[in-house]
Amino acid sequence: MLVLVAPGQGAQTPGFLIPWLDLPGVEDQLREWSEAIDLDLVHYGTKATEDEIRDTAVAQPLLVASALISARQLFPTPEALASQVGATAGHSVGELAAAALAGTITDAEAMALVRRRGLAMAEAAAVTETGMAALLGGDEDVVLPHLEKLGLTPANVNGAGQIVAAGTAEQIAALVADKPEGTRRVVPLKVAGAFHTHHMAPAVSALEAAVTELSPADPCTRYVSNKDGQVVTSGQDVVRRLVGQVANPVRWDRCTETFKELGATALVEAAPGGTLTGLAKRALPGVKTLALKTPDDLDAARELIATAADAAPAASAE
């Protein structure tokens with residue numbers, strides 16, 4: 001059974017869209033979306049600096065656009081995806097790409113919504129200086145109480161020995177200076193705010209207003225939610241979760257457990273891939289993984305898709 005996943009914020013690097021522009025129709029599609037959301041995706045994906053694409057309002061649309069562009073090379077429609085993919089999910093902002101790939105919203109709606117999301121979260125992040133840091137290694141039973149003591153939120157519980165903490169700049173500095181027992185490293189992340197915490201509450205209201213314009217369809221394939229790792233079969237519920245998820249922790253560990261329970265045998269990560277496949281290699285031993293980084297990875301992805309065991313029988317959203 002094949003799982004298709006989309007990465008979250010922090011996966012972007014300067015120029016990462018350059019090789020994708022060589023594919024037929026990609027630049028035209030990016031320019032169409034750019035005009036629709038008033039953000040030059042081609043410029044930011046090819047010429048912008050690391051600091052420029054760290055901006056939440058820029059990074060989020062770039063990541064959703066990249067995931068859609070790359071995944072659509074393999075699965076042009078939600079129906080094509082459903083015939084070959086057993087489950088889909090996205091990490092944080094990647095959930096918007098996953099919702100479009102599963103057919104709940106259109107690609108254009110995903111781009112419009114992620115633009116609103118990025119702007120609203122950037123505005124919320126500007127209120128207080130906040131940030132995030134990844135804790136590598138350590139026992140969850142030790143790490144979580146330590147974070148609580150420092151006033152930090154476990155914003156991403158990623159599994160495979162990784163938890164991402166979020167809070168004020170002072171709280172992150174205190175964590176770096178005093179890491180939990182058993183934790184190998186604390187790595188401050190190149191993000192602009194404490195995402196998936198109460199600091200993002202104002203962005204929830206903005207998204208609630210934005211989604212009133214949508215008429216979501218039920219997913220064509222299994223959609224696994226960051227909220228609790230559950231398979232969500234209602235399009236309305238998918239959208240509700242997308243809104244609330246902005247200010248609540250990402251439970252990627254539970255998504256991974258669901259992949260395991262569903263019988264995952266292969267996992268493909270949309271561009272810019274790498275982060276989620278890295279987690280899968282540790283949390284899903286025996287599952288074949290492939291990260292789409294450039295178009296050079298597409299042929300290998302097609303081979304993996306073709307050989308994924310029981311893909312068609314597992315693809316139902318029921």
Side-chain angles (χ1 to χ4, degrees), residues 6-10 12 30 32-41 44 53-68 78 88-130 132 153 155-156 166-167 191-219 223-228 230 232-251:
Q9 201 161 331
Q12 73 279 7
L30 288 172
E32 181 181 324
W33 287 338
S34 296
E35 185 175 353
I37 67 173
D38 193 26
L39 183 73
D40 191 342
L41 296 166
Y44 283 110
I53 62 173
R54 186 182 301 163
D55 180 350
T56 301
V58 171
Q60 293 192 14
L62 268 183
L63 288 163
V64 171
S66 176
L68 292 175
T88 186
H91 190 287
S92 187
V93 72
E95 284 206 298
L96 277 77
L101 293 168
T104 292
I105 56 178
T106 67
D107 291 2
E109 287 171 337
M111 292 306 303
L113 187 57
V114 74
R115 179 61 165 152
R116 299 281 288 274
R117 184 186 193 269
L119 288 167
M121 292 178 72
E123 185 175 339
V127 173
T128 305
E129 187 180 359
T130 57
M132 304 176 80
T153 299
N156 301 166
V191 296
F195 306 135
H196 305 293
T197 71
H198 66 277
H199 293 285
M200 293 294 112
V204 173
S205 299
L207 281 181
E208 285 174 341
V211 300
T212 59
E213 306 162 11
L214 300 179
S215 299
D218 294 341
Y223 177 94
V224 181
S225 171
N226 280 184
K227 179 179 180 181
D228 49 19
Q230 294 300 302
V232 182
T233 57
S234 159
Q236 292 285 355
D237 194 12
V238 169
V239 170
R240 280 194 295 270
R241 286 165 175 255
L242 287 174
V243 171
Q245 177 249 12
V246 168
N248 286 282
V250 172
R251 294 305 305 260

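- Between Pro219 and Thr233, the shortest heavy-atom contact is CD-O, 3.3 Å.
- Distance check, rounded to the nearest 0.5 Å: CG of Asn226 to CG of Asn248 gives 11.0 Å.
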Throw together a table of side-chain donor-acceptor distances under 3.5 angstrom for residues 210-218, partners on residues two or more places apart or in other chains.
unit_1, atom_1, unit_2, atom_2, d
Thr212, OG1, Ala209, O, 2.7
Asp218, OD1, Gly235, N, 2.9

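- Contacts of Gln60 classified as side chain to side chain donor-acceptor pair (under 3.5 Å), with partners at least two apart in sequence or in another chain: Gln9, Arg117.
- The two atoms that bring Gly193 and Ala125 nearest to each other are CA-CB, 4.0 Å, heavy atoms only.
- Judged by distance alone, the side chain of Arg115 and the main-chain N or O of Val58 form no donor-acceptor pair under 3.5 Å.
- Contact of the Trp33 side chain with the Leu68 side chain is registered, since non-hydrogen atoms from C-beta on lie closer than 4.5 Å.
- Note that the OH atom of Tyr223 and the CG atom of Asp237 stand 10.0 Å from one another [nearest 0.5 Å].
- Under the salt bridge (Lys or Arg N to Asp or Glu O under 4.0 Å) criterion, Asp228 pairs with Arg241, sequence neighbours left out.
- Inspection of the His196 and Ser92 side chains reveals an N or O donor paired with an N or O acceptor under 3.5 Å.
- Legend: residues meeting side chain to side chain donor-acceptor pair (under 3.5 Å) with Asp107, ordered by chain and number and at least two apart, are Arg72.
- When every heavy atom of Ala98 is checked against every heavy atom of Ala89, the shortest pair comes out as CB-C, 3.6 Å.
- Between Met200 atom CE and Thr153 atom OG1 the span is 11.0 Å, to the nearest 0.5 Å.
- Contact record, Thr88 with Ala102: CG2-CB, 3.8 Å, taken as the closest heavy-atom pair.
- Judged as a side-chain contact (heavy atoms from CB on, under 4.5 Å), and not counting sequence neighbours, the contacts of Ala194 are Thr130, Ala166, Thr197, His199.
- Note: Met111 CE to Leu96 CG = 9.5 Å, rounded to the nearest 0.5 Å.
- Side-chain N or O atoms of Ser66 include none that pairs as donor or acceptor with a backbone N or O of Leu62 at under 3.5 Å.
- The minimum heavy-atom distance linking Ala6 with Gly94 is given by the pair CB-O, 3.6 Å.
- Between atom CG of residue Leu207 and atom CZ of residue Arg240 there is a gap of 15.0 Å, rounded to the nearest 0.5 Å.
- In this view, His91 and Trp252 satisfy the ring-ring contact (aromatic ring centres under 6.0 Å, His included) rule, not counting sequence neighbours.
- Remark: side-chain polar atoms of Gln12 are paired, donor with acceptor, to backbone N or O of Gly10 under 3.5 angstrom.
- Ser225 and Val232 get closest at one heavy-atom pair: CB-CG2, 3.7 Å.
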